[in-house]
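All chains are named by letter (A, B, ...) in the order of the sequence lines, taking the proteins before the strands, and each is independently numbered beginning at 1. Any value given below was found using the heavy atoms of this structure, including those in side chains, with hydrogens, waters and symmetry copies removed.
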2 protein chains.
Amino acid sequence: MPDFAEPLARLIAEFKHLPGIGQKSAQRLAFHVLRASRESAQLLAQAVLDVKDKLTLCEACNNISDAELCQFCRDPNRDRKVVCVVEEPHNIVAIETTRQFQGLYHVLHGALSPLRGIGPEQLRIRNLVDRIGAGGVEEIIVATNPTAEGEATAVYLSKLLKPLGLKVTRIGMGVPVGSDIEFADEVTIWKAMEGRRER
Amino acid sequence: MPDFAEPLARLIAEFKHLPGIGQKSAQRLAFHVLRASRESAQLLAQAVLDVKDKLTLCEACNNISDAELCQFCRDPNRDRKVVCVVEEPHNIVAIETTRQFQGLYHVLHGALSPLRGIGPEQLRIRNLVDRIGAGGVEEIIVATNPTAEGEATAVYLSKLLKPLGLKVTRIGMGVPVGSDIEFADEVTIWKAMEGRRER
């Protein structure tokens with residue numbers, strides 16, 4: 001015998017498809033929706049649909065956007081000379097929280113991974129080259145993840161873009177601020193040694 | 001400057017209204033919906049609405065139901081002589097996981113709490129008395145929570161129902177199975193001592 005009435009069981013199943021949501025969490029969320037007003041359920045349902053229907057990719061940088069250009073590309077106050085390349089749109093959020101970077105972004109939507117069949121043509125690199133060709137870009141900061149795939153992508157981009165006559169940099173790797181060296185793995189410590197600076 | 005395009009920011013805000021979902025989880029869920037197919041977003045949105053539109057309370061026991069009677073009340077194989085009284089519909093799920101209880105349920109939708117202005121008339125007690133009046137019920141198991149409110153409700157129900165000539169029992173309280181007595185609080189240990197059995 002099912003423990004829940006059909007619509008409730010179906011909502012629990014739908015919530016379980018979301019990442020990090022197990023049976024218990026899904027039940028708690030479903031009961032919350034059940035207790036909430038019809039209006040707030042409507043707002044949630046509409047927001048879910050709007051994300052699929054009203055969002056597109058920015059023509060310039062491939063970030064998620066509700067217009068032809070995303071909020072960064074259309075902002076006249078951002079520095080168009082520096083472009084930070086990231087793997088995924090949510091990486092932009094992490095960089096924006098620093099409130100230090102004033103340049104633009106470019107989203108690859110992935111990283112090179114020969115094992116998973118992801119080559120340069122699967123990534124959104126072409127319009128990056130177009131942007132550089134249009135002029136005005138002086139530095140590309142490669143902020144792909146510090147993983148094998150992210151590193152391979154960084155090396156590829158560096159080889160591809162340097163001949164175009166601009167500065168290509170890679171974000172620094174090392175021990176995280178506030179952590180203890182004792183807990184860092186050997187590759188991280190080696191990267192930190194390599195990336196040492198005089199002061 | 002907002003970090004997200006409007007529809008994405010709105011979905012993140014909606015997910016944050018759900019219990020146990022903070023900013024980071026809400027972002028992860030929203031990006032998941034964004035990457036998922038239009039069809040699965042549609043299924044999620046529809047499930048959210050259906051829970052509000054297609055569910056009602058069982059006329060007999062106040063459980064959440066998609067019909068006049070819930071799946072327990074309309075099941076001819078359940079034992080109608082025993083009724084287990086719980087505070088909330090999700091408490092039924094916990095009891096059903098044991099697969100031991102074969103009786104019916106009655107959901108109060110709350111517990112007595114004078115401090116929060118919840119008296120007997122705010123709870124769904126009237127149709128419990130009606131059920132008992134209709135005959136056939138021999139035992140009421142009070143499975144309200146082992147809290148001050150749940151206990152007060154249990155005492156109230158016992159006083160109300162015993163004069164109707166049926167057995168009113170309270171679920172056992174004590175140290176949880178598989179735990180260590182050392183970690184039980186003094187009230188639980190005292191309840192365990194009180195509830196001791198000869199063997």
Check your understanding: Can any side-chain N or O of A/Lys52 pair as donor or acceptor with the backbone N or O of B/Leu34 at less than 3.5 Å?
Key -> yes
Point to revise | Gap between atom CG of A/Leu49 and atom CZ of B/Arg38 - 0.5 Å precision | key: 5.0 Å
Check your understanding: For atom CZ of A/Arg74, is the number of surrounding heavy atoms from other residues, nucleotides or ligands below 6.0 Å larger than 12?
Key -> yes
Review point. B/Ala30, B/Cys70, B/Ser25, B/Ala36: which one forms the most heavy-atom pairs within less than 4.5 Å of chain A?
Key: B/Ala36
**Study point:** Residue part contacting chain B, namely of A/Asp53, when any heavy atom lies under 4.5 Å
**Key:** side chain
Check your understanding: Does A/Val155 share a hydrophobic cluster with A/Ile118, counting links as ILVMFWY side-chain heavy atoms below 4.5 Å and allowing steps through other members?
Key -> no
Review point. Measuring from B/Ile21:CD1 to A/Leu29:CG, what's the distance to the nearest 0.5 Å?
Key: 5.0 Å
**Study point:** Heavy-atom contact with chain A under 4.5 Å, split by part of B/Ile12
**Key:** neither
Check your understanding: If Ile, Leu, Val, Met, Phe, Trp and Tyr residues are connected whenever their side-chain heavy atoms lie under 4.5 Å apart, and connections chain through other members, are A/Leu44 and B/Leu43 in the same group?
Key -> no
Point to revise | Distance in Å, A/Glu6 CD paired with B/Lys54 NZ, rounded so as to fall on 0.5 Å steps | key: 7.0 Å
Check your understanding: Are B/Leu166 and B/Tyr156 in one and the same hydrophobic cluster, where Ile, Leu, Val, Met, Phe, Trp and Tyr link if side-chain heavy atoms are under 4.5 Å apart?
Key -> yes
Exercise for review: Starting at CG of A/Leu18, measure out to CG of B/Leu18 and round the result to the nearest 0.5 Å.
Suggested key: 9.5 Å
**Study point:** From B/Leu8 atom CG to A/Asp66 atom CG, the distance as rounded to the nearest 0.5 Å
**Key:** 9.5 Å
Exercise for review: For B/Glu194, look at atom CD and say whether over 12 heavy atoms of other residues, nucleotides or ligands are found less than 6.0 Å away.
Suggested key: yes
Exercise for review: Identify whether A/Met173 and A/Met193 are in the same connected component of the hydrophobic contact network (ILVMFWY, side-chain heavy atoms under 4.5 Å).
Suggested key: no
Practice item. Evaluate the side-chain contact (heavy atoms from CB on, under 4.5 Å) criterion for residues B/Glu14 and A/Val48: first the C-alpha distance (whole Å), next the side-chain angles of each, then the deciding distance (0.1 Å), finally the verdict. Key: CA-CA 9 Å; B/Glu14 287 298 332; A/Val48 166; over 6 Å; no
Review point. Do you know the tightest heavy-atom contact between B/Arg10 and A/Ala47?
Key: NH1-CA, 3.9 Å
Point to revise | CG on B/Leu11 to CD on A/Gln46, rounded to 0.5 Å | key: 11.0 Å
Check your understanding: More than 12 heavy atoms of other residues, nucleotides or ligands under 6.0 Å from CD of B/Gln23: is that the case?
Key -> yes
Revision key, fill the gap. Between B/Leu55 and A/Ala5, the two heavy atoms sitting closest are CD2-CB, 3.6 Å
Practice item. Determine whether more than 12 heavy atoms belonging to other residues, nucleotides or ligands lie under 6.0 Å from atom CD of B/Gln102. Key: yes
Practice item. Go through the steps to decide whether B/Phe4 and A/Ile64 satisfy the test side-chain contact (heavy atoms from CB on, under 4.5 Å), and finish with yes or no. Key: CA-CA 8 Å; B/Phe4 303 102; A/Ile64 290 150; over 6 Å; no
Check your understanding: Closest approach of A/Arg28 and B/Pro19, non-hydrogen atoms and distance?
Key -> NH2-O, 3.8 Å
Exercise for review: Side chain from CB out, backbone as N, CA, C, O: work out which of these in B/Ile92 comes under 4.5 Å of a heavy atom of chain A, or both, or neither.
Suggested key: neither
Practice item. Side chain from CB out, backbone as N, CA, C, O: work out which of these in B/Asn63 comes under 4.5 Å of a heavy atom of chain A, or both, or neither. Key: neither
Check your understanding: Can B/Ile125 be reached from B/Leu164 by stepping across I, L, V, M, F, W or Y side chains whose heavy atoms are under 4.5 Å apart?
Key -> yes
Point to revise | chain A contact via B/Gln27 - side chain, backbone, both or neither, heavy atoms under 4.5 Å | key: side chain
Check your understanding: For B/Glu121, does the CD atom have more than 12 heavy-atom neighbours from other residues, nucleotides or ligands under 6.0 Å away?
Key -> yes
**Study point:** Segment of B/His90 engaging chain A (4.5 angstrom heavy-atom cut-off)
**Key:** both
